[in-house]
There are 2 protein chains.
Amino acid sequence: MDEPVSEQWGTPEGQAMLQLLWDPPPPPTRGPKQRLTLDQVVVGAMEVATELGVDELSMRKVAQHLGVGAMSLYTYVPGKDELFELMIDRAYADRALPDRALPWRAQVEFHAHEAWRMYQEHRWLIRSNLWRMPLGPHVLDAQEDLYRAVLLTGLPETTVVRVAGLVESHVFGAARAAVTDTSVASRTGMTTDDYWESRAGFWGTYFSTERFPTMTRIWERGGFDDDCPEQAWEFGLALLLDGVERLVQAGGAAARS
Amino acid sequence: MDEPVSEQWGTPEGQAMLQLLWDPPPPPTRGPKQRLTLDQVVVGAMEVATELGVDELSMRKVAQHLGVGAMSLYTYVPGKDELFELMIDRAYADRALPDRALPWRAQVEFHAHEAWRMYQEHRWLIRSNLWRMPLGPHVLDAQEDLYRAVLLTGLPETTVVRVAGLVESHVFGAARAAVTDTSVASRTGMTTDDYWESRAGFWGTYFSTERFPTMTRIWERGGFDDDCPEQAWEFGLALLLDGVERLVQAGGAAARS
DNA sequence: AGATAACGCAGTACGCCGTACGGAATGCGG
DNA sequence: CCGCATTCCGTACGGCGTACTGCGTTATCT
């Protein structure tokens, strides 16, 4: 898992990966029939990842989950990194696209919600030390449509790209925080209160109210008791899109230059 | 590296981790002198991570880098996860804090710039599949001061927490994108142009201008030729803080309620 | 129909990884 | 000076990704 995303599309490996993403070759005529399909392998890997966590994802476990030998997977996929790229693209495949009749803001919000839902459903996406999306068809479909929606603002192209990145970044960050909380809660089987309770040792032993007066104050006033993570991230999205809206209004004249 | 951040602070391991972060025990009097210090181990690990990349970070390599046996590291550190938490906290140690005489916006911008600088200097921070900051002293110092700066706005505590998270998220996302680009460029030894050149096979073979009209349009108008990543992320930060400023102005009366 | 070539499948093995264990060397407290 | 706590490290175990190889299967060719 050194390079979850191939860096060299020009190389033969890169070409193979692209072909796998865009144009999976039909099973050859000669030889025994394949016992699995590429899709089954990818979906099986996603199931293992959701069930066991991305850290426990291994070729051997995926193979076992699918009822084949470990090395048989390499008939379908060049390696683990490539399988992971296929998993990511597959996760994007389920994303719905907004109604194009809606105003741009509603469309962007729809995209953000879909991304949020995707991260919730496939928590391993968050934990993946992924640093560049694979150039897969479904990933690009989502990107394309987000750009299309943002472009409806009429903002200059450079700004559109930046705004789209901003939205993606925000959803990712919020999802990371939320998934963390729920994951900790579910894995340890403790409520959020219990969780903080278990940290009591820290607060008592090392946390100094003199060294951290602001945090203490925020804590005392309940600033950390965030009711619902949904509200928190939608607040951020709203703030962000308000800014974009202002940009649109302000640039209405300037954009012409 | 299953759980980069211990989930159970109540457990003995959690306590040991906290003690390591906050109150590293002095070397015992009995027995042979330690050949290293905890700090040397942590810094050595950071050097290995920056040099070889976080994926290549291993206990054996850190030990070799420090000129000791692999298992000797376990005298200083309970395990790799704990070492990694110490690395993170150590990275935060170098962050400067803003001048408190400055207006809140300048202070928050200073924080964002320091975070950006930190991510640039320690690129492994980006690639770490880190999902919760360790409760280390330096991490908390930075958090505390950011909260303090945001609290100067006079916004309600819940909003302060959200805004701080928004800023952190944005810098992280922008740093991730920037580090990706420069890292690809430096590792493969190709310029950005060469990089895109090498992908020509993709654009020619699979990219369809009919399927991706918006991306094509943005590309043609140079929307993706982002001159400088610094400008891009500062644009986002400005947009974000503009929103906060509006919130402050609007809430000037409402905050009293 | 039989031979052949292409191909799927899986067992074994290699070199990594994190780290548990135990023994040798070391230097302070009694 | 002795005893023992402690450091250091060689060995080893289980798990990982995957290269290689041999075997069995099956569509095509003669």
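Because the structure is a prediction, the values reported are computed rather than measured. All chains are named by letter (A, B, ...) in the order of the sequence lines, taking the proteins before the strands, and each is independently numbered beginning at 1.
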Sugar-phosphate only, base, or nothing, as touched by B:L57 at under 4.0 Å among non-hydrogen atoms: sugar-phosphate

Taking the six-membered ring for Trp, are A:W22 and B:F212 parallel (under 30°), tilted (30 to 60°) or perpendicular (over 60°)? perpendicular

With side chains defined as the heavy atoms from C-beta onward, is the minimum distance between B:H138 and B:R95 less than 4.5 Å? no

The residue, B:P78 or A:V68, whose nearest nucleotide of DNA chain C is more 5′ is A:V68

Summarise protein proximity over nucleotides 22-30 of chain D in one line of letters, 5' to 3': B for base, S for sugar-phosphate only, - for none, counting protein heavy atoms closer than 4.0 Å. --BBBBS--

Quickly work out the B:L73 CG to C:dA20 P distance and round it to whole Å. 14 Å

Exam field: side chain A:E82 to backbone A:M17, donor-acceptor pair closer than 3.5 Å: no

Qualifying salt bridge (charged side-chain N to carboxylate O under 4.0 Å, His left out) pairs, either residue in residues 133-147 of chain A, two or more places apart: A:R100-A:D145, A:D141-B:R211, A:D145-A:R148

Gap between atoms CD and C1', on A:E82 and D:dG17 respectively (whole Å): 12 Å

When you check the phosphate oxygens OP1 and OP2 of D:dC16, does a side-chain N or O of A:K61 lie under 4.0 Å from one of them? yes

Would you say the side chain of A:L52 lies within less than 4.5 Å of the side chain of A:L57, judging by non-hydrogen atoms? no

What is the distance, to the nearest angstrom, from the NZ atom on B:K80 to the P atom on D:dG15? 18 Å

Integer-rounded Å distance: D:dC16 P and A:F84 CZ: 16 Å

Please give, in whole Å, the distance from D:dG15 C1' to A:E56 CD? 10 Å

Please verify the inter-ring angle class for A:H170 with A:W233; under 30° counts as parallel, over 60° as perpendicular, anything in between as tilted. tilted

Would you be so kind as to tabulate the donor-acceptor pairs closer than 3.5 Å made by side chains of residues 58-65 of chain B, with sequence neighbours excluded?
residue	atom	partner	partner atom	Å
B:S58	OG	B:K61	N	3.2
B:K61	NZ	B:E56	O	3.4
B:K61	NZ	B:E56	OE1	2.9
B:H65	NE2	B:E47	OE1	2.7

OP1 or OP2 of C:dG8 less than 4.0 angstrom from a side-chain nitrogen or oxygen of A:T75, does that happen here? no

With sugar-phosphate meaning primed atoms plus P, OP1 and OP2, does B:L83 contact a base, only sugar-phosphate, or nothing at under 4.0 Å between heavy atoms? nothing

Could you tell me how far apart B:L52 (CG) and C:dC17 (P) are, to the nearest whole angstrom? 10 Å

Can you tell me which residue pairs pass the salt bridge (charged side-chain N to carboxylate O under 4.0 Å, His left out) test with a partner in residues 64-73 of chain B, sequence neighbours excluded? none

A:D55 CG to C:dC17 P, straight-line distance once rounded to whole Å: 18 Å

Under a 4.0 Å heavy-atom cut-off, which of residues 35-51 of chain B touch DNA chain C? none

Evaluate the side-chain proximity of A:E114 to A:R117: yes if any heavy-atom separation is below 4.5 Å, no if none is. yes

When you measure only distances, ignoring hydrogens and angles, does the side chain of B:R60 come within 3.5 Å of the base of C:dG18 through a donor and an acceptor? yes

Any side-chain heavy-atom pair of A:L73 and A:V77 under 4.5 Å: no

With a cut-off of less than 4.0 Å, is there a side-chain N or O of A:Y74 near OP1 or OP2 of C:dG8? no

Atom-to-atom span, CE of B:M59 to P of C:dC16 - whole angstrom: 18 Å

Looking across every strand, which nucleic acid part, if any, lies under 4.0 Å from B:S72 by heavy atom: base, sugar-phosphate, or nothing? base

Scan nucleotides 21-24 of chain C against the protein and return all N/O pairs shorter than 3.5 Å with their distances rounded to 0.1 Å.
none

Any donor-acceptor N/O pair, B:Y76 side chain to B:L36 backbone, under 3.5 Å: yes

Just so I know, are the side chains of B:Y119 and B:R176 near enough to count as touching, which here means a heavy-atom distance under 4.5 Å? no

